[in-house]
Chemist: 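The structure that follows is given in the form of structure tokens.
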Amino acid sequence: MSRPRLNQGLVQVYTGNGKGKTTASLGLALRAIGHGYKVFMLQFMKGSKDYGEIQAAEKYLPNLIIVQSGLETFVSKENPSRADIDLARQGLETARKVISEGHYDLVILDEINTALDFNLIELDDVLDIIKSKPRHVELVLTGRYVPQKITEVADLVSEVNLIKHPYYHGVAAREGIEY
Ligand code: ATP
Ligand code: MG
């Protein structure tokens with residue numbers, strides 16, 4: 001294993017109802033890779049390869065690994081499918097393993113807050129992963145509605161607030177911008 005990049009990795013959260021949480025974590029990934037970090041992103045509740053970041057990582061960024069653990073379809077908050085729950089739990093196990101092995105300097109758990117909000121995974125399991133992470137690993141959790149218990153243990157919490165979004169003026173999701 002190559003030398004860890006950080007002596008002390010921290011826990012960051014990007015939350016809120018505005019656009020920019022997942023893309024902020026990808027910006028951080030790009031910056032970190034420039035300094036020789038190895039980055040692992042696990043995307044909860046996503047299963048489409050149509051995201052630009054997946055194409056970019058595969059084509060141009062050998063030090064950015066992105067794994068998805070969800071279906072291509074939207075998850076119903078009231079009535080998630082068995083597969084939605086199973087995939088989210090499998091994703092959490094993958095995250096636990098990847099973090100504990102310590103090979104990656106930066107680990108991003110994308111939409112993990114959303115998976116918690118939809119009750120696909122257990123808060124105690126996430127808190128346990130945070131608590132037991134190796135010292136040198138920087139951990140980023142994204143998604144709306146972060147639970148207070150996570151903000152309490154995090155070192156950095158940024159909230160992106162919705163002021164305007166073109167979606168509300170009839171602009172559909174755009175390739176390269178929203179996905
Ligand atoms: P991005 O991936 O663009 O950084 P995000 O991670 O902050 O967005 P999510 O809450 O994960 O946003 O939203 C999922 C999708 O909805 C993304 O395609 C995002 O661009 C879009 N989106 C984000 N905020 C809003 C909003 N307030 N209204 C409508 N669509 C939004
Ligand atoms: Mg997101």
Side-chain angles (χ1 to χ4, degrees), residues 9 11-17 19-26 28-29 38-59 61-134 137-154 157 160 167 172-173 175 178-179:
V11 177
Q12 306 189 30
V13 173
Y14 307 148
T15 193
N17 62 355
K19 171 176 164 65
K21 303 171 292 289
T22 297
T23 46
S25 71
L26 287 165
L28 179 68
K38 293 187 168 55
V39 183
F40 189 97
M41 173 185 258
L42 199 138
Q43 296 189 325
F44 288 88
M45 302 170 70
K46 290 179 179 171
S48 162
K49 303 289 171 229
D50 215 16
Y51 286 95
E53 57 265 35
I54 295 191
Q55 312 294 336
E58 278 174 10
K59 278 193 208 142
L61 298 166
N63 284 341
L64 174 58
I65 305 299
I66 305 182
V67 170
Q68 295 185 317
S69 202
L71 299 174
E72 257 192 73
T73 47
F74 280 110
V75 184
S76 155
K77 187 168 178 178
E78 291 70 36
N79 191 20
S81 72
R82 189 69 246 171
D84 292 323
I85 295 169
D86 288 348
L87 283 167
R89 292 188 178 167
Q90 282 165 28
L92 198 65
E93 276 322 297
T94 303
R96 188 196 302 280
K97 187 163 174 284
V98 163
I99 292 164
S100 68
E101 284 169 356
H103 173 71
Y104 292 93
D105 306 285
L106 170 61
V107 177
I108 300 164
L109 304 180
D110 184 41
E111 311 302 349
I112 192 167
N113 300 331
T114 324
L116 282 166
D117 184 53
F118 279 52
N119 291 310
L120 303 179
I121 53 174
E122 303 281 339
L123 177 58
D124 281 347
D125 290 337
V126 178
L127 290 169
D128 188 55
I129 288 175
I130 294 172
K131 206 167 72 187
S132 56
K133 79 164 186 64
V137 175
E138 185 90 1
L139 189 57
V140 175
L141 297 91
T142 88
R144 295 161 189 232
Y145 312 120
V146 66
Q148 196 185 333
K149 283 201 170 160
I150 292 186
T151 66
E152 280 166 15
V153 297
V157 181
V160 189
Y167 175 78
E175 182 179 275
E178 267 81 40
Y179 64 93

Chemist: Taking all non-hydrogen atoms of both residues into account, name the closest pair between Thr114 and Met45 and its distance.
Modeler: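 So the minimum-distance heavy-atom pair works out to C-SD, 3.8 Å.
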Chemist: Quick one about Asp84 and Ser81 (side-chain donor to acceptor, distance below 3.5 Å, no hydrogens or angles considered), yes or no?
Modeler: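 Ser81 vs Asp84: donor-acceptor pair found between side chains.
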Chemist: Do Leu26 and Met41 make a side-chain contact, defined as non-hydrogen atoms from C-beta onward lying under 4.5 Å apart?
Modeler: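 Answer yes - side chains close enough.
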Chemist: Kindly give the heavy-atom pair with the smallest separation between Gly102 and Pro134, and that separation in Å.
Modeler: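 That would be CA-CG, 4.2 Å.
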Chemist: Just to verify, which of Leu64, Val67, Ile108 counts as forming a side-chain contact (heavy atoms from CB on, under 4.5 Å) with Phe40?
Modeler: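 Answer to the side-chain contact (heavy atoms from CB on, under 4.5 Å) test with Phe40 among Leu64, Val67, Ile108: Val67.
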Chemist: Would a 4.5 Å heavy-atom cut-off, applied to side chains only, mark Ile99 and Leu109 as touching?
Modeler: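 Heavy-atom side-chain distance check passes, below 4.5 Å.
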Chemist: Which value, rounded to the nearest 0.5 Å, describes the distance between Gln68 atom CD and Ile54 atom CD1?
Modeler: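 Spacing of CD (Gln68) from CD1 (Ile54) equals 3.5 Å.
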Chemist: Pairs in or reaching into residues 123-134: which pass salt bridge (charged side-chain N to carboxylate O under 4.0 Å, His left out), with residues at least two apart or in two chains?
Modeler: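 As it turns out, the salt bridge (charged side-chain N to carboxylate O under 4.0 Å, His left out) pairs with a partner in residues 123-134, which skip direct neighbours, are Arg96-Asp128.
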Chemist: Output all residues satisfying salt bridge (charged side-chain N to carboxylate O under 4.0 Å, His left out) with Lys21, sequence neighbours left out; order by chain, then residue number.
Modeler: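 If we apply the salt bridge (charged side-chain N to carboxylate O under 4.0 Å, His left out) test to Lys21, skipping adjacent residues, there are no hits.
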Chemist: Keeping Asn113 on the side-chain end and Tyr145 on the backbone end, is there a donor-acceptor pair under 3.5 Å?
Modeler: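 The answer is no, because no donor-acceptor pair under 3.5 Å joins these two groups.
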Chemist: When you check the gap from the basic side-chain N to the acidic O, do Glu93 and Lys97 get nearer than 4.0 Å?
Modeler: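 No, this pair does not count.
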Chemist: Checking the side chain of Ser48 only, and the main-chain atoms of Glu72 only, is there a donor and an acceptor separated by less than 3.5 Å?
Modeler: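 Checking the backbone N and O of Glu72 against the side chain of Ser48, no donor-acceptor pair under 3.5 Å is found.
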Chemist: Flag the pair Leu141 / Ile130 as yes when at least one side-chain heavy-atom distance between them is below 4.5 Å, and no otherwise.
Modeler: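 The answer is yes, as the side chains (C-beta and beyond) meet within the 4.5 Å cut-off.
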